[in-house]
Amino acid sequence: MELITLAGGLVVVPLFTFITSLIFCPGKLLKAYNWYMRRKIGLVVRYSYNGSYRFCYSSRGTPGGSTPSLLLLHGFSASKDMWLTLVPFLPESQHVVCLDMPGHEGTSRTGPEDYSILGQVHRVHQFVQSIGLDKRPFHLLGASMGGNVAGVYAAQYSSFLSGVTLVCPAGLIYPEESKFVARLREMEKVQQDDSIPLIPSTLPELRDMLNLCCYKPLNLPGPALRGLLDNRIPNNAFYKELFMELVRETSRHSLQENMRQITSPVQVIWGKEDEVLHVSGAAVLQAALSNCQVDLVDNCGHSVSLERPRKAAKLIMDFLTAQGLKGEGTKKSL
């Protein structure tokens, strides 16, 4: 009887803890889920430093494989865990590094000098050097804000790259206006900056943001939404400071102003139904860059790695493999 009681207790205690966390601490439960997913797919959280500045990142595998190392830069207000949906569809042999961008999650939060696009490019290069990623050409991928940073990085540091993938990148002058940009213009007219669509502070605002970023509603359960909101709210002041820096004249069109300096091969991936940054931006990049491949994804909005992770992973790996074959062909011809 005592053994039965003990066994029952071993089941009840974790179950009680789970239910209590679900009700009172959904944010912690969401973080625990991300921890579990990282372990499941083999990503290990690590830290590197440049002086007193700390970089947080997760990685899997080692450099030197048949394809270049892949450095992933997330978008505005996300984190390295943004890529948890994508990495499982990449080959296990692929060396992957997912960086927390300046001020996000475990990377140092300093000030505006690091939040502009050029400031972020500078910090990303420090990170690349801090972990020795600069020892051989690597492939850089960035989404949204991270796409802006990746594009400008490629313009300034092309010699370090084998190629770059830009996923729905910010920083362009778009021929057609998206729903999100139209809302920003209206906010500017009335000088309203206290309700930025990408910085929710209530559950309805969070749902609006998710609907804006995704082609199809995610239909997340209530506890997951509350957990996501609970984890975001403490960072909202930083997100606003960062956002205001990104829309300044010095950062707003950084990719547009630097794109013609990119010499490495470029892949552009864009969701056809993107309501945050209009898909017409892909044509801008294709017209400006001679070595540019554009892949448009059907039934997909701004959050490509979340909505179509398998498709995105295949497009990325096909591009990396094709660039590798071209490189081999060049070597043979020499």
Side-chain angles (χ1 to χ4, degrees), residues 41 67-68 70-91 94 96 98 139-151 154 163-182 197-198 208-220 255-256 259 262 264-289 291-323:
I41 63 179
T67 53
L70 182 59
L71 174 59
L72 305 177
L73 308 181
H74 63 73
F76 173 80
S77 78
S79 75
K80 61 186 175 299
D81 290 335
M82 166 183 164
W83 306 109
L84 290 177
T85 52
L86 176 75
V87 172
F89 296 106
L90 298 174
Q94 176 64 47
V96 183
C98 310
H139 190 88
L140 181 62
L141 183 149
S144 195
M145 176 194 77
N148 194 353
V149 175
V164 60
T165 296
L166 308 177
V167 182
C168 307
L172 295 170
I173 298 174
Y174 305 88
E176 296 183 50
E177 196 169 70
S178 68
K179 181 179 178 180
F180 171 67
V181 172
L198 297 181
D208 288 343
M209 183 193 78
L210 294 175
N211 289 337
L212 182 69
C213 293
C214 300
Y215 172 59
K216 294 182 179 179
L218 291 180
N219 294 322
L220 294 175
L255 180 54
Q256 183 86 28
M259 60 184 178
I262 301 174
S264 52
V266 177
Q267 177 187 37
V268 177
I269 300 176
W270 218 303
K272 286 186 178 181
E273 314 299 331
D274 192 342
E275 292 189 332
V276 178
L277 299 170
H278 200 275
V279 66
S280 59
V284 174
L285 290 163
Q286 193 168 40
L289 301 169
N291 194 4
C292 179
Q293 172 183 313
V294 172
D295 295 302
L296 304 183
V297 183
D298 293 321
N299 301 318
C300 184
H302 189 65
S303 301
V304 177
S305 64
L306 178 63
E307 297 182 85
R308 301 292 302 278
R310 186 189 298 272
K311 177 68 173 179
K314 185 178 187 308
L315 290 173
I316 294 163
M317 292 310 303
D318 286 350
F319 186 73
L320 262 66
T321 301
Q323 295 307 313

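We number each residue from 1, following the sequence as shown.
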Point to revise | Contact summary for Gln323 and Pro265, nearest pair of heavy atoms | key: OE1-CG, 3.2 Å
Point to revise | Nearest non-hydrogen partners of Ala282 and Trp270, listed with the distance | key: N-CZ3, 3.4 Å
Check your understanding: Within the side chain of Gln94, is there an N or O that forms a donor-acceptor pair under 3.5 Å with the backbone of Pro68?
Key -> yes
Practice item. Search all heavy atoms of Glu307 against all heavy atoms of Tyr215 and return the closest pair with its distance. Key: OE1-N, 2.6 Å
Point to revise | Closest contact, heavy atoms only, Ser178 versus Val276 | key: OG-O, 2.6 Å
Study note, to complete from the structure: The reported gap from NZ in Lys311 to CD1 in Ile269 (rounded to nearest 0.5 angstrom) is 9.5 Å
Exercise for review: Working to the nearest 0.5 Å, report the span between CD of Gln286 and CD of Gln293.
Suggested key: 9.5 Å
Practice item. State the CG-CG distance between Leu73 and Leu140, to the nearest 0.5 angstrom. Key: 5.0 Å
Check your understanding: So do Leu86 and Ile316 actually touch side chain to side chain, heavy atoms under 4.5 Å?
Key -> yes
**Study point:** Polar side-chain atom of Ser280 near backbone of Glu176 as donor-acceptor pair, under 3.5 Å
**Key:** yes
**Study point:** Verdict with supporting geometry, Leu285 and Leu172, side chain to side chain contact (heavy atoms under 4.5 Å, CB included)
**Key:** CA-CA 9 Å; Leu285 290 163; Leu172 295 170; 4.0 Å; yes
Check your understanding: What is the distance from atom SG of Cys98 to atom CG of Leu84, rounded to the nearest 0.5 Å?
Key -> 7.5 Å
Practice item. Go through the steps to decide whether Trp83 and His74 satisfy the test side chain to side chain contact (heavy atoms under 4.5 Å, CB included), and finish with yes or no. Key: CA-CA 8 Å; Trp83 306 109; His74 63 73; 3.9 Å; yes
Point to revise | Taking every non-hydrogen atom, the tightest pair across Ala143 and Met82 | key: CB-CE, 3.6 Å
Exercise for review: Keeping the roles fixed (side chain from Thr67, backbone from Thr321), state whether a donor-acceptor pair exists under 3.5 Å.
Suggested key: no
Check your understanding: Do you know the tightest heavy-atom contact between Leu212 and Lys179?
Key -> CD1-CD, 4.1 Å
Point to revise | Side-chain heavy atoms of Asn211 within contact of Pro217, under 4.5 Å | key: yes
Exercise for review: Begin with the C-alpha distance, continue with both residues' side-chain angles, and end with the deciding distance and a verdict on side chain to side chain contact (heavy atoms under 4.5 Å, CB included) for Leu315 and Val297.
Suggested key: CA-CA 10 Å; Leu315 290 173; Val297 183; 4.1 Å; yes
Review point. What residue among Val268, Leu72, Leu141 forms side chain to side chain contact (heavy atoms under 4.5 Å, CB included) with Thr165?
Key: Leu141
Point to revise | Contacts of type side-chain contact (heavy atoms from CB on, under 4.5 Å), residue Ile173, not counting sequence neighbours | key: His253, Gln256
Practice item. Decide yes or no on side chain to side chain contact (heavy atoms under 4.5 Å, CB included) for Phe180 and His302, but give the supporting numbers first. Key: CA-CA 11 Å; Phe180 171 67; His302 189 65; over 6 Å; no
Review point. Distance from Asn291 atom CG to Leu289 atom CG, nearest 0.5 Å?
Key: 8.5 Å
Check your understanding: With a 4.5 Å limit on heavy-atom distance, are the side chains of Val284 and Pro175 in contact?
Key -> yes
Practice item. Give, for atom SG of Cys213 and atom CD of Glu275, the distance between the pair rounded to the nearest 0.5 Å. Key: 9.5 Å
